[in-house]
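First up is the structure itself, then whatever we jot down about it.
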Amino acid sequence: MAVKSYIDAVRDTLMDEMRRDPRVFVMGEDVGKRGGVFRATMGLIEEFGEERVIDTPLAESAIVGVGIGSALAGLRPVAEIQFADFIWPAMNQIISEAARLRYRSNGDWTVPLVIRAPYGGGVHGGLYHSQSVEAHFYHSPGLKIVMPSTPYDVAGLLRAAIRDEDPVMFLEHKRLYRLIKGEVPDDDYVLPIGKAEVKRQGADLTVISYGLALHFCLEAADVLAQEGISAHVIDLRSIKPLDRETILEGVRKTGKVLIVHEDNKFGGVGAEVSAMIAEEALFDLDAPIARLAGPEIPAMPYAPNLERFYMLSPEKVADAMRKLAAF
Amino acid sequence: MAVKSYIDAVRDTLMDEMRRDPRVFVMGEDVGKRGGVFRATMGLIEEFGEERVIDTPLAESAIVGVGIGSALAGLRPVAEIQFADFIWPAMNQIISEAARLRYRSNGDWTVPLVIRAPYGGGVHGGLYHSQSVEAHFYHSPGLKIVMPSTPYDVAGLLRAAIRDEDPVMFLEHKRLYRLIKGEVPDDDYVLPIGKAEVKRQGADLTVISYGLALHFCLEAADVLAQEGISAHVIDLRSIKPLDRETILEGVRKTGKVLIVHEDNKFGGVGAEVSAMIAEEALFDLDAPIARLAGPEIPAMPYAPNLERFYMLSPEKVADAMRKLAAF
Amino acid sequence: MAARHNRPQSLRHRDIGLSDEQVREMYYYILLGRALDERMWLLNRAGKVPFVISGQGQEAAQVGSAFGLDRDRDIVLPYYRDMTMVLAWGQTPTEAMLGSFAREGEPSSGARQMPGHWGSKRLRIVSGSSPVATQVPHAVGLALAARMRGESSVAWVSLGEGSTNQGDFHEALNFAGVHKLPVVVFVENNKYAISVPESRQIACSHVAERAASYGMPGVLVDGNDMLAVYEAVRGAAERARAGEGPTLVEAECYRLVPHSSDDDDRSYRSREEVEEARKRDPVAVAASYVREAGVLSEEEDAALRERIRREVDEATEAAEQAPQPSPDTALRNVYAEGGAGAWQ
Amino acid sequence: MAARHNRPQSLRHRDIGLSDEQVREMYYYILLGRALDERMWLLNRAGKVPFVISGQGQEAAQVGSAFGLDRDRDIVLPYYRDMTMVLAWGQTPTEAMLGSFAREGEPSSGARQMPGHWGSKRLRIVSGSSPVATQVPHAVGLALAARMRGESSVAWVSLGEGSTNQGDFHEALNFAGVHKLPVVVFVENNKYAISVPESRQIACSHVAERAASYGMPGVLVDGNDMLAVYEAVRGAAERARAGEGPTLVEAECYRLVPHSSDDDDRSYRSREEVEEARKRDPVAVAASYVREAGVLSEEEDAALRERIRREVDEATEAAEQAPQPSPDTALRNVYAEGGAGAWQ
Ligand SMILES: Cc1ncc(C[n+]2csc(CCOP(=O)(O)OP(=O)(O)O)c2C)c(N)n1
Ligand SMILES: Cc1ncc(C[n+]2csc(CCOP(=O)(O)OP(=O)(O)O)c2C)c(N)n1
Ligand SMILES: [Mg+2]
Ligand SMILES: [Mg+2]
């Protein structure tokens with residue numbers, strides 16, 4: 001079993017899937033000779049040529065829209081949006097078209113499209129290269145949204161996304177690209193979309209997170225363990241669908257819930273997770289449902305200390321955990 | 001005091017504001033001679049001419065983007081999106097530009113822009129003329145979102161929106177346009193954005209809603225009153241910012257909360273309302289926080305009985321209220 | 001620009017490779033489209049169908065397109081006014097009427113969409129939506145797929161002139177131009193976008209001029225003349241099939257009726273203007289062509305119209321008697337079925 | 001298309017109405033922009049500033065633009081490579097350096113934005129964002145406002161050639177064309193959009209051709225020649241001020257350095273190609289013009305360069321010594337302040 005970085009897991013899985021299935025191809029800005037601005041498609045054009053590794057014009061709505069067309073024809077496009085921040089011009093194609101073609105044709109036409117996009121901050125990206133975009137999409141039935149936190153999950157879930165019959169947004173935290181390494185089996189394993197994972201069993205409080213923040217939660221849990229506080233940590237992995245069972249089980253186990261995400265709080269993913277718990281497990285709670293998230297500002301500023309102000313950290317998470325444990 | 005329909009309140013307020021302030025103008029598709037497809041701008045071109053009542057080309061991103069530009073110059077544009085369903089091409093201009101110009105220029109440049117859009121179903125509009133769009137925008141700091149339910153609120157809040165220094169989305173439920181009439185004072189009153197209204201005092205359960213659904217809630221509350229159940233009914237009016245005090249006061253009063261909206265439930269406005277309550281008033285609750293909302297399908301279908309299946313009704317609301325009251 | 005023909009009309013269709021039989025068939029679809037459309041308005045005014053969006057004035061452009069393509073392999077992405085196009089492409093009058101009545105068995109969407117949102121995978125008609133111009137990048141993607149697979153099919157996509165102002169039009173045509181993909185972009189210029197006339201909508205004088213931006217030919221054609229459209233679309237499709245890339249075709253028409261059954265056009269255009277346009281009504285133009293070309297006698301014409309009246313009656317009756325789709329079908333086909341029904 | 005001049009160079013600037021002093025000023029800004037830009041790369045390589053996005057190769061186009069406009073009333077919407085433009089428009093080297101170091105007092109955004117996102121209401125420089133082409137409709141809106149108020153200001157907006165493929169470019173230019181608004185759309189065609197060359201990006205041969213789609217003139221100009229650009233932009237601005245509507249100007253340049261400090265351009269273009277382009281480096285072109293035209297002696301040139309070196313040093317020092325903005329300022333200016341801080 002190889003140890004890989006998060007981004008290598010992306011690239012190797014793309015490569016494997018393109019070898020396995022001639023219908024799979026990638027398209028996006030600078031994905032060809034440049035191998036992507038993050039190098040997630042490096043080496044693909046050399047192996048598969050310009051026909052299956054398409055440098056598109058600079059036009060996101062066309063990237064998604066042309067991707068949809070090719071998916072309607074039965075291909076398996078993997079469209080890259082260079083930064084998640086630049087996905088908005090494609091909003092209409094994603095929400096009104098990709099998410100709705102199966103429904104509006106009563107099952108006749110389908111869109112097996114993957115939209116990959118690097119998201120997230122802590123990379124000196126400023127207002128337009130740091131955003132989290134999941135909450136703007138998770139309200140749209142017809143879409144699936146996957147946000148892996150480890151190389152293992154990247155490989156298993158990207159494979160699942162490419163083989164899925166419906167449009168999947170595959171959001172990669174760009175700070176994780178080279179920060180995180182992990183074991184990735186060489187075989188062709190597929191992880192189910194819609195399943196969270198308990199990353200750590202615990203008894204005192206339940207922490208629910210995903211992406212980069214999940215790693216902060218795990219670090220904080222280590223610290224708290226030394227203080228005698230035992231945290232149950234769940235990695236959502238899929239934002240849509242959410243894994244109701246794993247969440248409710250976690251709630252029942254500890255009676256205290258902290259939801260953690262980098263994205264701002266108001267209307268973020270934590271809102272739905274919390275509301276679901278408040279609807280289905282209210283009497284299992286021993287404390288208010290807490291959310292720790294980004295501040296209510298339009299996006300993450302550039303200056304290092306402003307960025308730090310915005311970003312979560314293991315320390316901020318540990319503080320919130322202590323507070324909740326002490327409740 | 002005149003009795004007016006909801007849409008007349010829109011039109012008359014636009015007319016008043018254009019008379020009052022030469023910086024105010026309207027732009028959008030068919031707003032000129034046609035007076036808007038719903039007639040919300042009828043008569044304006046006759047009074048104010050083509051320079052202040054601008055029929056734009058069919059291009060929503062330009063409608064909002066040009067509106068932003070004119071607001072940057074110090075004008076007070078009111079941009080109409082013909083149906084809220086067609087707002088997505090303008091998503092980038094709304095989220096990345098309008099909502100963020102003040103922040104990104106550290107207060108130097110500002111965008112006093114109003115975006116009006118008819119939304120909502122029950123009008124035989126099918127998948128693309130029935131949608132609620134608020135939840136796709138309420139997660140974006142920098143925006144305000146207003147969703148009035150009565151002619152009185154339309155006039156007071158549209159005035160507030162036009163006079164606001166920041167971008168405001170003004171969402172009008174199109175089923176209410178001619179369904180609802182009400183008294184509208186002739187004077188120049190302004191209602192504050194961000195204030196909910198208690199429409200009915202009650203002791204047994206608290207119902208929180210907005211738009212067309214609010215009227216269903218009031219009807220249902222009448223029915224339940226006859227059954228001896230007393231409902232406290234809150235009209236949010238503003239979705240962003242939300243009125244924390246009025247909501248928490250309502251929660252404390254009855255200990256039972258039902259949130260009702262036409263938009264689908266997952267990640268809808270009810271999610272944040274519920275999460276806020278679960279965070280700040282958990283121990284005031286005597287029952288799980290209930291949400292009654294549209295089903296998890298991409299949008300409202302056209303065939304009358306499919307549309308009925310999607311839409312809320314006083315009966316559906318009354319059932320949910322009875323269930324919660326009996327908890 | 002399409003060449004102007006000066007030869008005697010009676011030879012025109014043979015000159016461009018159409019048999020008498022084909023011309024009769026084209027004429028049949030033009031009449032059928034118009035008759036069905038007119039019936040829908042009657043049903044609307046009688047309170048039987050809630051909404052009509054009409055193709056009156058655009059029938060020749062649509063039939064010319066259908067015949068200019070290869071109906072056995074090409075893929076079409078029609079817009080909401082293209083009823084005559086989809087009839088010529090294989091949908092039946094009853095299917096269209098099921099859309100108007102929003103009844104069970106409606107093939108395009110299961111009565112989920114408003115009338116005019118055509119679709120059928122079997123017939124290679126891609127399901128359309130209401131936001132305009134979104135179909136153009138889809139067509140480009142279908143063309144890309146055809147090229148990647150070495151198939152020789154062409155993607156034909158239509159839209160109104162106002163809709164060419166959308167960003168999606170620009171982005172898609174540029175993509176097609178850069179990659180020289182087999183697409184025919186067909187603009188049905190009916191001079192209005194709801195109430196807004198072409199002059200307030202489009203800054204250049206002809207939509208066809210926009211082709212230059214995308215390195216492709218732009219062809220302007222008389223949309224009231226089914227033969228001229230046929231020739232232009234066939235030429236564009238041949239070009240595409242030969243690997244020479246996309247073409248933008250603009251068919252000049254006129255929207256003879258209001259935008260939809262919810263519109264009243266009197267506030268924004270004069271009756272005189274509409275009457276003037278009626279002189280070039282494509283139905284009349286086609287009728288006089290078939291008569292003068294001698295491919296259909298007066299009696300045959302009458303019989304054809306009678307047959308169409310019956311077909312329209314039957315379609316109306318069949319659709320009116322069909323049940324509504326059952327309410328719980330509203331929950332179906334959000335995702336591939338059989339999968340885990342998790343919390344969304 | 002811009003006229004080609006065959007007269008002796010030494011007369012050119014006077015022929016087009018520029019004084020010797022103005023030409024010296026233009027040259028100064030070209031040198032200043034280049035020097036500041038080069039310093040930023042050094043600081044980046046030394047680990048002192050996290051990011052550089054460069055205008056090297058586009059200085060003449062930018063200075064020509066600034067001088068072709070009316071710096072006392074026109075409004076500009078520059079894009080991220082336009083440092084030389086904003087210097088010529090009134091920002092100081094220190095202000096630009098504050099952006100690179102992301103320090104307190106940075107005037108465009110309070111160090112919230114990455115470097116290159118210019119803005120200053122006082123100077124009529126509209127705050128820019130990173131998603132490309134969004135500024136084009138803003139420019140059209142500013143022009144609309146100017147017209148509505150009877151002001152004679154012109155809005156100048158720039159973007160890269162790749163960015164002309166965005167829907168916003170199309171929608172905005174059409175709007176400007178229909179309403180004949182006073183806008184100059186200035187495309188700095190540096191031949192690459194990150195790694196993608198013009199030929200894979202744009203289906204037509206010149207961006208200027210796109211103007212035809214919008215009923216406006218398209219002007220192609222040598223972007224390495226400050227005088228040619230000056231003339232083209234001044235002409236477009238005069239046209240706009242005279243109420244004749246918008247113009248699209250394309251300045252042909254070459255991006256002499258990688259896309260940004262995060263890029264390595266060796267994988268997608270040859271060193272030979274870059275070397276070839278350096279022969280037309282706008283700094284060299286301007287230097288030989290001022291020399292040959294006799295507006296600046298060798299000694300004066302050396303003195304000027306020395307002065308610029310000092311200015312760049314001072315700017316660097318001032319910015320490096322400025323503090324970071326205080327963290328709690330991150331919460332400011334989301335909405336107008338003083339209003340109710342309700343739950344968002
Ligand atoms: C993105 C979008 N905006 C607005 C509308 C509302 N709308 C429906 S049809 C129409 C006019 C379309 O005009 P044109 O493209 O000329 O086509 P026509 O209807 O004339 O055939 C408008 C504005 C829409 N469907 N989609
Ligand atoms: C909407 C959007 N998509 C993608 C990007 C990422 N990006 C930044 S610059 C750039 C290339 C721009 O090329 P061009 O317009 O030619 O301008 P240049 O950088 O060459 O001056 C890209 C793709 C972006 N900023 N905005
Ligand atoms: Mg039209
Ligand atoms: Mg470029």
Side-chain angles (χ1 to χ4, degrees), chain A residues 22-23 25 27 51-52 54-75 77 89 92-93 96-97 99-110 112-113 138 141-144 164-166 192-195 238 240-245 247 272 276, chain C residues 75 77 106-113 117 119-122 126-131 133-149 151 153 155 157 166-168 170-179 181 325 329 332-337 339-344:
Chain A
R23 297 171 306 169
F25 72 102
M27 59 191 292
E51 284 276 308
R52 288 178 71 198
I54 303 177
D55 266 335
T56 63
L58 173 37
E60 284 73 12
S61 189
I63 293 173
V64 174
V66 172
I68 290 171
S70 69
L72 289 168
L75 297 182
N92 196 32
Q93 284 291 344
S96 305
E97 302 297 323
R100 216 171 282 188
L101 260 149
R102 180 189 291 276
Y103 190 75
R104 80 171 183 232
S105 66
N106 204 14
D108 197 22
W109 289 98
T110 61
L113 165 72
Y138 88 132
L143 289 181
K144 298 181 180 178
D164 202 282
E165 299 298 328
D166 289 300
I193 293 174
K195 286 278 160 242
S238 293
K240 188 175 187 72
L242 279 166
D243 182 347
R244 202 172 142 276
E245 281 66 40
I247 293 169
E272 179 59 35
M276 187 277 284
Chain C
I75 299 159
L77 297 93
E106 189 274 312
S108 299
S109 74
R112 289 167 173 195
Q113 293 222 69
H117 292 66
S120 164
K121 197 163 185 174
R122 185 178 55 83
V126 176
S127 163
S129 65
S130 311
T134 52
Q135 67 274 27
V136 191
H138 302 173
V140 176
L142 284 147
L144 178 70
R147 221 236 332 250
M148 283 170 77
R149 286 169 162 159
E151 291 166 3
S153 61
V157 59
Q166 286 282 332
D168 269 7
H170 178 66
E171 296 192 6
L173 267 73
N174 184 60
F175 196 116
V178 167
H179 289 274
L181 297 173
T329 65
R332 302 284 308 277
N333 288 314
V334 178
Y335 296 99
E337 296 188 346
W343 168 40
Q344 292 157 357

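All chains are named by letter (A, B, ...) in the order of the sequence lines, taking the proteins before the strands, and each is independently numbered beginning at 1. The structure presented is a predicted model; accordingly, all values stated were derived computationally and were not measured.
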For [X] against [Y], the heavy-atom pair lying closest together:
X: A:Arg23; Y: A:Gly74; result: CD-O, 3.5 Å
X: A:Phe25; Y: A:Arg52; result: CB-O, 3.4 Å
X: C:Gly128; Y: A:Arg104; result: O-NE, 3.2 Å
X: C:Ala336; Y: A:Asp166; result: N-OD2, 2.7 Å
X: C:Gln113; Y: C:Ser127; result: NE2-OG, 3.9 Å
X: C:Arg147; Y: C:His179; result: NH1-O, 2.8 Å

- Message: Rounded at 0.5 Å granularity, tell me how far CZ in A:Arg100 sits from CG in A:Leu143.
- Response: 9.5 Å
Which atoms of [X] approach chain C - backbone, side chain, both or neither, heavy atom under 4.5 Å:
X: A:Ile63; result: neither
X: A:Leu113; result: neither
X: A:Glu245; result: neither
X: A:Gln93; result: side chain
X: A:Asp108; result: both

Counting heavy-atom pairs under 4.5 Å with chain C, which one of [options] comes out on top?
options: A:Pro22, A:Ser70, A:Gly67; value: A:Ser70
options: A:Ala99, A:Gly142, A:Pro77; value: A:Gly142
options: A:Arg244, A:Glu165, A:Glu97; value: A:Glu97

- Message: Within the 4.5 Å heavy-atom criterion, are A:Leu75 and C:Leu144 side-chain neighbours or not?
- Response: no
Which region of [X], side chain (C-beta onward) or backbone (N, CA, C, O), has a non-hydrogen atom less than 4.5 Å from a non-hydrogen atom of chain A, or is it both or neither?
X: C:Ser108; result: backbone
X: C:Leu142; result: both
X: C:His117; result: neither

- Task: Against chain A, work out which of C:Leu181, C:Thr329, C:Asp168, C:Asn174 has the most heavy-atom pairs shorter than 4.5 Å and name it.
- Result: C:Asp168
- Select, from C:Ser120, C:Gly167, C:Ala139, C:Gly110, the one with the greatest count of heavy-atom pairs under 4.5 Å involving chain A. C:Ser120
- Indicate whether the side chain of C:Ser129 and that of C:Thr134 have a donor and an acceptor atom separated by less than 3.5 Å. yes
